[in-house]
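Any value given below was found using the heavy atoms of this structure, including those in side chains, with hydrogens, waters and symmetry copies removed. Model, not experiment: these values are computed from the prediction.
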Protein chains: 2
Amino acid sequence: MDRKVSTRSAARAETERAILSAAEAVFAEHGYRGATTGMIAERAGIPKANLHYYFATKEALYRQVVENIFMIWLDAANSFDDCEDPEEALTHYITTKMDISRQHPMGSKVWANEILHRAPVIQDYLETTLREWTATRIAIIERWVGEGRMDPVDPRTLLYMIWSTTQHYADFIHQIETLNDGKPLSDDQFAIARDNVVRIILSGVGIRARAASSVKAGAAR
Amino acid sequence: MDRKVSTRSAARAETERAILSAAEAVFAEHGYRGATTGMIAERAGIPKANLHYYFATKEALYRQVVENIFMIWLDAANSFDDCEDPEEALTHYITTKMDISRQHPMGSKVWANEILHRAPVIQDYLETTLREWTATRIAIIERWVGEGRMDPVDPRTLLYMIWSTTQHYADFIHQIETLNDGKPLSDDQFAIARDNVVRIILSGVGIRARAASSVKAGAAR
DNA sequence: ATGAAACCTGACCAAACGGTCAAATTGAGC
DNA sequence: GCTCAATTTGACCGTTTGGTCAGGTTTCAT
């Protein structure tokens with residue numbers, strides 16, 4: 001038991017983590033207004049008053065949740081730059097975004113809610129970080145087009161298509177599951193969806209698959 | 001002034017319409033929980049008590065709004081069947097869905113909110129009407145694939161891609177406008193986006209454009 | 001051991017909200 | 001003009017919610 005330095009601060013970190021995790025789930029499922037600090041506290045296993053000791057206001061807690069999500073989103077976004085080849089870069093980026101939707105659906109839902117409501121909390125992020133990120137990637141796509149490595153497409157439209165299609169598997173998962181006889185997508189079904197998304201978009205912008213990565217097109221059931 | 005039969009019932013219809021219109025806007029912008037009956041009544045220009053004379057509960061009003069939206073959505077969905085040719089059918093369907101996002105963005109937002117929150121109000125519609133509609137269209141796409149008129153793609157993935165991409169221009173319009181220097185998309189910009197979406201998806205599923213409908217790819221600004 | 005700081009919590013409060021109600025107003029049929 | 005049902009409205013109510021607070025408990029450096 002050589003814990004001396006860590007017990008106190010570790011406990012604090014753990015409580016904060018539990019609150020943020022609970023908050024993400026509750027905000028995702030009920031939206032900002034629909035979520036109550038009581039629900040979040042209960043899910044985190046602490047009294048409501050204690051939650052307000054760690055996060056002064058509901059809005060501050062919400063802001064922290066959204067910022068965390070934005071950071072994950074940004075990390076994934078950097079996978080765009082891992083390769084110079086458009087086929088590899090787009091395949092990697094789309095695959096990564098699909099996997100995030102699969103493994104981190106609540107974050108995407110919170111983000112969708114925030115944008116739907118005109119981004120009252122994270123407007124500054126949209127106008128700075130996101131705007132810069134988008135501008136540089138548009139430049140990359142335009143260069144690829146100029147080099148004839150893909151068809152001439154409007155880069156914004158392509159980016160929005162990638163964002164919307166991949167995030168659909170998080171934001172609209174309830175609709176997808178309902179249309180899957182009420183059952184969650186199996187790993188196989190999701191893999192088929194992911195591969196089809198990659199293939200349709202790449203083929204859609206005139207990038208011919210070179211590698212023989214076996215992409216199945218079979219029906220999803 | 002030969003209005004006698006109509007004044008009374010016409011006034012009622014007009015009040016109901018004003019309430020539903022206001023409710024759609026407020027529910028779209030604030031979500032179900034974020035919207036208050038007071039806000040809706042104010043926007044409709046009537047006292048809150050009068051709103052409750054026309055719609056007994058907030059939930060009943062919300063349900064009516066969602067049902068109206070679903071009917072518009074279904075009408076558009078039928079444009080899928082207008083042509084037997086996959087190129088024409090998909091072009092028509094995608095174009096129609098894009099135009100609905102442009103002209104009826106609030107409805108799409110309400111729908112997105114409802115799905116995001118696990119469809120507490122319209123789950124029965126998802127399990128009946130939407131499930132049936134989807135099944136028949138999947139059959140059509142599978143037939144096209146079987147006839148070699150398009151590449152073998154998973155029909156569900158294709159439908160979800162069309163839904164998500166087109167509705168993105170309504171649900172995420174705030175993000176799109178922020179990335180457009182805070183300005184709304186001009187008609188030209190939107191037309192470019194619409195044409196690019198059609199072209200990328202059709203090309204993505206292996207449908208080569210026949211008609212010479214001039215599709216421009218130019219940058220959006 | 002001890003004092004101070006950090007942490008925890010039951011009880012409480014003011015504001016906001018969905019919904020009610022009784023009284024007033026309107027308008028169509030006679 | 002009169003009647004009565006439909007409509008309108010300000011005032012009101014019970015509940016929920018975000019947030020506060022006083023007082024208790026734990027942790028840790030000395």
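Side-chain atoms of B/Gln167 and A/His168 include no donor-acceptor pair closer than 3.5 Å. Side-chain atoms of A/Tyr160 and B/Gln175 include no donor-acceptor pair closer than 3.5 Å. Side-chain atoms of A/Tyr32 and A/Glu114 include no donor-acceptor pair closer than 3.5 Å.
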* For B/Tyr54 and B/Thr15, what are the C-alpha separation, side-chain angles and deciding distance, and is it a side chain to side chain contact (heavy atoms under 4.5 Å, CB included)? -> CA-CA 9 Å; B/Tyr54 282 90; B/Thr15 304; 3.6 Å; yes
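Residue A/Phe55 contributes atom CZ, which lies 15 Å from atom C1' of C/dC7 at whole-angstrom precision. The distance from atom CD of B/Glu42 to atom P of D/dT9 is 14 Å, rounded to the nearest whole Å. Between A/Asn50 atom CG and D/dT26 atom P there is a gap of 14 Å when expressed in whole angstrom units. One can place CD1 of A/Ile19 at 13 Å from C1' of C/dT9, the figure rounded to the nearest angstrom. In this structure, the CD atom of A/Glu16 is 14 Å from the P atom of C/dA6, given to the nearest Å.
Note that the two end axes of the helix from C/dA1-D/dT30 to C/dC30-D/dG1 enclose an angle of 10°, each drawn from 5 base pairs, rounded to 10 degrees.
Aromatic rings from A/Trp111 and A/Phe70 are positioned such that their centres are separated by under 6.0 Å.
The side chain of B/Arg12 places an N or O atom within less than 4.0 Å of a non-bridging phosphate oxygen (OP1 or OP2) of D/dT7. Taking side-chain N and O atoms only, A/Tyr53 has a distance below 4.0 Å to OP1 or OP2 of C/dC7.
A/Arg131 places a side-chain N or O within donor-acceptor distance of the main-chain N or O of B/Thr178, the cut-off being under 3.5 Å. The closest donor-acceptor contact from the side chain of A/Asn196 to the backbone of B/Thr157 lies at 3.5 Å or more, if one exists at all.
Comparing D/dT9, C/dC7, C/dC8 by their closest approach to the side chain of A/Thr15 singles out C/dC8. Of the candidates C/dC7, C/dT9, D/dT8, the closest approach to any side-chain atom of B/Tyr54 belongs to D/dT8.
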* Protein proximity profile, nucleotides 11-19 of chain C - base contact B, sugar-phosphate-only contact S, no contact -, cut-off 4.0 Å on heavy atoms -> ------SBB
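Taking 4.5 Å as the limit, every side-chain heavy atom of B/Phe55 sits out of range of all side-chain heavy atoms of B/Thr37.
Geometrically, B/Lys58 does not engage B/Phe27 in a cation-pi contact defined by less than 6.0 Å to the ring centre and at most 45° from the axis.
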